[in-house]
Chemist: 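I have a structure I would like to understand better, so I am pasting it below and will then ask my questions one at a time.
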Amino acid sequence: MKIINCDQGSPEWFKARAGVITASNFEECCKTLKSGKNKGEHSAKAKEYAFRLAVERISGELLDEDKFDTFEMRRGRELEPEARFAHEEKMQILVEQTGFALTDSGLYGASVDGFIDETGTSEYKCFISPKSSMPILLDNDYSDIEAQIQGQMWVTERQWCDFVLYCPALKSIDRDLTIITVQRDDKYIEEMEGDLNKFNNLVVEFMGKLIK
């Protein structure tokens, strides 16, 4: 594993991500069509991502559209220090801020929000849409981002992750901080790694078609 110390959203962070399959996209990369004549193939969205990565690996730079900064991304970065402090205070821990982590191969990476002790990580989300926040707040259901969390542990070679949903709007009822400790699932990671390697083969295939 290699850690690139940089702030998320900085020029160094964007440069580090060029051509890298990132944990936030692991779920989509692992999806394949379940029926029809193209059963078993990657989705159109996954193919577009693979093509983008192929271009980035050739150029060594992110495509301009990948540098687009959404409102939710900016909001997340602005609230993350508050979320981290609240997490530290609640759990009586210290969270070490990190940057961008890469596997030894350099093919896969994760923007890690923090390291805890020698074996843990932290992931902070500040969702505002009901679609994203409702399952977590009502049922502790984090399945929509499980691939990202397990992927982060795989990339960083760590054993557990404190997933933290920070929702300041619910501070009046003491629900502004939801903490779910997720343990590393080696079976899940093994299956995901196999799917990700298949996806990377698609990236390499697109590179070959572009370079010929």
Chemist: Would you tell me whether Thr181 and Asp162 have side-chain atoms, one donor and one acceptor, within less than 3.5 Å of each other?
Modeler: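 Thr181 vs Asp162: donor-acceptor pair found between side chains.
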Chemist: If you look only at pairs with a residue in residues 18-29, which of them pass as a salt bridge (charged side-chain N to carboxylate O under 4.0 Å, His left out), with sequence neighbours excluded?
Modeler: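 Residue pairs with at least one partner in residues 18-29: Glu28-Lys31.
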Chemist: Just by distance, do the side chain of Tyr108 and the backbone of Leu196 share a donor-acceptor pair under 3.5 Å?
Modeler: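 Indeed, once roles are kept as given, a pair shorter than 3.5 Å links the two residues.
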Chemist: So that I can tick it off, tell me whether Glu88 and Lys90 are bridged by a salt bridge, with the cut-off set at under 4.0 angstrom between side-chain N and carboxylate O.
Modeler: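 Looking at Glu88 together with Lys90, the answer is no, because their closest N to O distance does not fall below 4.0 Å.
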Chemist: What is the minimum heavy-atom distance between Ile58 and Ile211, and which atoms define it?
Modeler: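 Closest approach of Ile58 to Ile211, heavy atoms only: CD1-CG1, 3.9 Å.
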Chemist: Look at Glu61 together with Lys15 and state whether they make a salt bridge at an N to O cut-off of under 4.0 Å.
Modeler: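 No.
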Chemist: CD1/Ile180 to CG/Leu165 distance, rounded to the nearest 0.5 angstrom?
Modeler: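 With rounding to 0.5 Å, CD1 (Ile180) is 8.0 Å from CG (Leu165).
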Chemist: Hey, mind stepping through Phe199 and Phe26 against ring pair (Phe, Tyr, Trp, His ring centres under 6.0 Å) and telling me if it holds?
Modeler: CA-CA 10 Å; Phe199 176 81; Phe26 282 179; 9.3 Å; no
Chemist: Does Arg184 reach the main-chain N or O of Met153 with its side chain, forming a donor-acceptor pair under 3.5 Å?
Modeler: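 Yes, the answer is positive, given that a donor and an acceptor are paired below the 3.5 Å cut-off.
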Chemist: Do Asp176 and Tyr166 have side-chain N/O donor and acceptor atoms under 3.5 Å apart?
Modeler: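 Checked: Asp176/Tyr166 side chains show no N/O donor-acceptor pair below 3.5 Å.
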Chemist: Would Leu63 end up clustered with Leu202 when hydrophobic side chains under 4.5 Å apart are linked, directly or stepwise?
Modeler: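 Yes, because Leu63 and Leu202 connect within a single hydrophobic cluster, where side-chain heavy atoms sit under 4.5 Å apart.
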Chemist: Hydrogens and angles aside, do Asp7 and Gln97 bring a side-chain donor and acceptor to less than 3.5 Å of each other?
Modeler: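 No, Gln97 and Asp7 have no side-chain donor paired with an acceptor closer than 3.5 Å.
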Chemist: Tell me if the CZ atom of Phe51 is crowded by more than 12 foreign heavy atoms within 6.0 Å.
Modeler: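 At most 12 heavy atoms, drawn from other residues, nucleotides or ligands, come within 6.0 Å of this atom.
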Chemist: Look only at the side chain of Asp141 and the backbone of Ile136, and say whether a donor-acceptor pair between them is shorter than 3.5 Å.
Modeler: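 Side chain of Asp141 to backbone of Ile136: no pair is present.
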Chemist: Has Arg158 got its NZ or CZ under 6.0 Å from the middle of the six-membered ring of Trp160, at an angle within 45 degrees of the ring axis?
Modeler: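 Here Arg158 fails the 6.0 Å and 45° test against Trp160.
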Chemist: Is a side-chain donor or acceptor of Gln150 paired with a backbone partner of Gln183 at a separation under 3.5 angstrom?
Modeler: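 Confirmed, Gln150 side chain pairs with Gln183 backbone.
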Chemist: Got a donor-acceptor contact below 3.5 angstrom from the Asp185 side chain to the Lys187 backbone?
Modeler: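 Between the backbone of Lys187 and the side chain of Asp185 there is a qualifying donor-acceptor contact (under 3.5 Å).
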Chemist: Taking salt bridge (Lys or Arg N to Asp or Glu O under 4.0 Å) as the test, write out the residues that go with Arg84, two or more places apart.
Modeler: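 For Arg84 the salt bridge (Lys or Arg N to Asp or Glu O under 4.0 Å) partners, ignoring immediate neighbours, are Glu80.
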Chemist: Have a look at Thr98 and tell me which of Ile4, Asp113, Val112 forms a side-chain contact (heavy atoms from CB on, under 4.5 Å) with it.
Modeler: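 Single side-chain contact (heavy atoms from CB on, under 4.5 Å) partner of Thr98 among Ile4, Asp113, Val112: Val112.
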Chemist: Is the side chain of Asn5 donor-acceptor paired with the backbone N or O of Gly99 at a distance under 3.5 Å, no angle test?
Modeler: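 No, the answer is negative, given that no donor and acceptor are paired below the 3.5 Å cut-off.
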Chemist: Between the side chain of Ser133 and the main-chain N/O of Ser129, is any donor-acceptor distance below 3.5 Å?
Modeler: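 Yes; at least one donor-acceptor contact below 3.5 Å.
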Chemist: NZ of Lys34 to OG of Ser43: how many Å apart, nearest 0.5 Å?
Modeler: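 Atom-to-atom, Lys34:NZ and Ser43:OG are 11.0 Å apart.
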Chemist: Check the side chains of Gln148 and Ser24 for a donor-acceptor pair under 3.5 angstrom, ignoring hydrogens and angles.
Modeler: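 Checked: Ser24/Gln148 side chains show no N/O donor-acceptor pair below 3.5 Å.
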Chemist: Can you establish whether the number of heavy atoms outside Leu210 located under 6.0 Å from its atom CG is more than 12?
Modeler: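 Yes, enclosed.
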